[in-house]
2 protein chains.
Amino acid sequence: MNPKKVPESTISRLFVYLREVIELTRMSINTISSAELGERTNLSDTQVRKDLGYFGQFGVSGSGYNTHELKSQLEKILGKDKVWNVAVVGAGHLGRALLAYPGFQNHGLNIMAAFDIDAKKVDKQVNDIAIKSLDDAPRVIKEKNISIGIIAVPAKEAQDVANRLVSAGIECILNFAPVSLTVPEHVKIKDVDLSRELETLSYFLANKKNN
Amino acid sequence: MNPKKVPESTISRLFVYLREVIELTRMSINTISSAELGERTNLSDTQVRKDLGYFGQFGVSGSGYNTHELKSQLEKILGKDKVWNVAVVGAGHLGRALLAYPGFQNHGLNIMAAFDIDAKKVDKQVNDIAIKSLDDAPRVIKEKNISIGIIAVPAKEAQDVANRLVSAGIECILNFAPVSLTVPEHVKIKDVDLSRELETLSYFLANKKNN
DNA sequence: TGGTGTGAATGCCTTCACAGCG
DNA sequence: CGCTGTGAAGGCATTCACACCA
């Protein structure tokens with residue numbers, strides 16, 4: 001349908017533009033140029049125009065983009081009319097932080113279930129969500145039509161959890177465990193590796209001095 | 001010193017190789033080929049060799065890499081002999097999860113301090129670390145020689161926190177707030193945008209059906 | 001004049017292809 | 001023969017340069 005292939009990084013930035021444009025409409029600002037939008041998002045004006053250009057011509061020469069129109073176009077492009085159900089596996093500190101994270105609800109993402117293998121955590125309530133045994137996952141995932149799974153368990157258990165999620169019908173995984181998971185082709189996986197991010201920063205520090 | 005510029009993505013992968021190699025030495029496996037190492041990390045054999053090739057020739061033709069030597073070389077390259085002190089700003093769910101995160105200690109990263117503006121949280125203890133008022137940050141950061149800051153506060157406060165950290169002498173920031181922060185050239189910033197990661201997955205789901 | 005839209009140029013990173021080595 | 005090391009090719013994403021438009 002799209003004439004040219006859209007880079008994944010473009011998609012990621014569109015969410016940033018959308019956030020900013022929502023803020024602008026709240027402030028009753030009706031027009032914005034690519035340069036201004038770029039400044040607010042720490043991106044170049046060309047980058048902004050190129051990204052938007054993949055999906056049509058929303059701008060007005062000499063004036064810029066209408067924020068209200070841009071907002072609704074971006075929402076349409078990014079599928080913001082749809083809502084997706086999410087399950088969190090692992091009710092440790094990180095898992096519970098994710099259950100409490102306010103950033104998801106506003107973005108078409110509903111955390112519907114939480115699982116853990118630890119019997120001591122099962123049936124505890126976190127933020128209105130009851131933690132269930134991992135054994136219940138296949139049933140609950142199907143019943144509640146959950147399509148996104150978040151893995152927040154230790155590295156050793158992560159592959160097993162991934163296997164269970166996949167066979168329960170999960171289509172996307174956000175993985176916080178510091179291991180490379182193997183999943184079937186049709187499952188999309190995204191890694192968030194917190195210690196690696198920090199380690200990369202420390203590498204930067206270690207090498208800064210030498211230059 | 002390095003003849004060719006090393007891609008940042010290579011650095012990031014070196015940490016993955018190191019993890020794997022540590023695991024291999026624990027299992028008393030003394031030799032590994034680039035193909036095997038690639039399989040364990042979901043990367044290609046060429047990628048592994050190219051990455052290592054930036055830093056020298058550690059391999060043995062026909063047999064592979066000695067895990068013990070590779071381990072110590074990687075540790076040296078990545079500055080694992082050094083230890084860096086870290087401060088967390090924001091003692092909400094995410095901040096507290098980071099304070100409790102076990103993955104940092106083993107990696108030359110010591111969380112030495114935590115700050116919050118909320119007077120109700122100040123002086124509470126989390127995982128042996130006392131939460132201090134943000135106003136104490138400049139003093140504590142200097143006293144404890146902290147060079148990495150983690151921002152885990154709401155979007156609206158993030159830029160202000162960043163400014164304070166920078167003027168207190170912080171050199172690297174790991175930012176969990178969903179905004180683009182502006183910092184001086186010499187400060188390295190790395191964003192971890194959790195809702196964006198999840199949103200990108202939901203975009204993938206929304207578009208999968210159309211193909 | 002002040003802005004958009006976009007082919008062309010560039011730069012970065014990954015993959016290919018293969019020479020060389022134990 | 002199996003595996004490393006690496007120049008060359010290729011692919012993807014960003015930036016440049018400029019035609020075009022209100």
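Chain letters run A, B, ... following the sequence lines, proteins first, then strands; residues in each count from 1.
- Put simply, B/Ser33 has no side-chain N or O that comes within less than 4.0 Å of OP1 or OP2 on D/dC3.
- When the side-chain nitrogen and oxygen atoms of A/Ser34 are compared with OP1 and OP2 of C/dT4, one or more of them lie within a distance under 4.0 Å.
- When the side-chain nitrogen and oxygen atoms of A/Tyr65 are compared with OP1 and OP2 of C/dG5, one or more of them lie within a distance under 4.0 Å.
- C/dT14 atom P lies 7 Å from atom CG of B/Asp51, rounded to whole Å.
- Between D/dC12 and A/Ser9, no contact under 4.0 Å exists linking OP1 or OP2 to a side-chain N or O.
- In this structure, CG of A/Asp45 is placed 16 Å from P of C/dT6, rounded to the nearest angstrom.
- Electrostatic pairing of B/Arg19 and B/Glu23 does not count as a salt bridge here, judged by no charged N lying under 4.0 Å from a carboxylate O.
- A straight line from CG of A/Asn66 to C1' of D/dA22 spans 16 Å, rounded to a whole angstrom.
- Regarding A/Glu8, its CD atom lies at a distance of 15 Å from the P atom of C/dT14, rounded to whole Å.
- Looking at A/Lys71 and A/Glu75, a side-chain N of the basic residue comes within less than 4.0 Å of a carboxylate O on the acidic one, giving a salt bridge.
- Spacing between atom CZ of A/Arg13 and atom C1' of D/dT15 amounts to 12 Å, rounded to whole angstrom units.
- For A/Gln47, the listed nucleotide lying nearest its side chain is D/dT15; candidates were D/dT4, D/dT15, C/dT15.
- Using a 3.5 Å distance cut-off with no hydrogens or angles, the side chains of B/Asp191 and B/Asn175 do pair a donor with an acceptor.
- In this model, no donor atom of one side chain and acceptor atom of the other lie less than 3.5 Å apart for A/Arg40 and B/Ser180.
- Distances were taken from every side-chain heavy atom of A/Lys5 (C-beta onward) to each of C/dG5, C/dT14, D/dA13; the shortest belongs to D/dA13.
- Using a cutoff of 4.0 Å between basic side-chain nitrogens and carboxylate oxygens, A/Lys50 and A/Asp45 are not scored as salt-bridged.
- Using a 4.0 Å heavy-atom cutoff across all strands shown, A/Gly64 reaches sugar-phosphate atoms only and no base atom.
- A/Gly62 comes within contact range of at least one nucleobase, with a heavy-atom separation under 4.0 Å.
- Following rounding to the nearest Å, A/Leu70 (CG) and C/dG5 (C1') show an atom-to-atom distance of 15 Å.
- The pair B/Glu199-A/Lys80 meets the salt-bridge criterion, with a side-chain N (NZ, NE, NH1 or NH2) lying under 4.0 Å from an Asp/Glu carboxylate O.
- Atom-to-atom, CG of B/Leu52 to P of D/dG5 comes out at 8 Å; the value is rounded to the nearest Å.
- Put simply, A/Ser63 has no side-chain N or O that comes within less than 4.0 Å of OP1 or OP2 on C/dG3.
- Of the listed nucleotides (C/dT14, D/dA22, C/dG20), D/dA22 has the atom at the smallest distance from the side chain of A/Ser61.
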Please list, for nucleotides 6-11 of chain D, all pairs of protein and nucleotide N/O atoms separated by less than 3.5 Å.
{"from": "D/dT6", "atom 1": "OP1", "to": "B/Gln57", "atom 2": "OE1", "distance (Å)": "3.4"}
{"from": "D/dG7", "atom 1": "OP2", "to": "B/Lys4", "atom 2": "NZ", "distance (Å)": "3.1"}
{"from": "D/dG7", "atom 1": "O6", "to": "B/Lys50", "atom 2": "NZ", "distance (Å)": "3.1"}

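- Atom pair A/Glu36:CD and C/dG2:P shows a separation of 13 Å (rounding to whole Å applied).
- Using a cut-off of 4.0 Å between Lys/Arg side-chain N and Asp/Glu carboxylate O, A/Lys188 and A/Glu8 are scored as salt-bridged.
- Distance alone, capped at 3.5 Å, places no donor-acceptor pair between the A/Thr10 side chain and the A/Val6 backbone.
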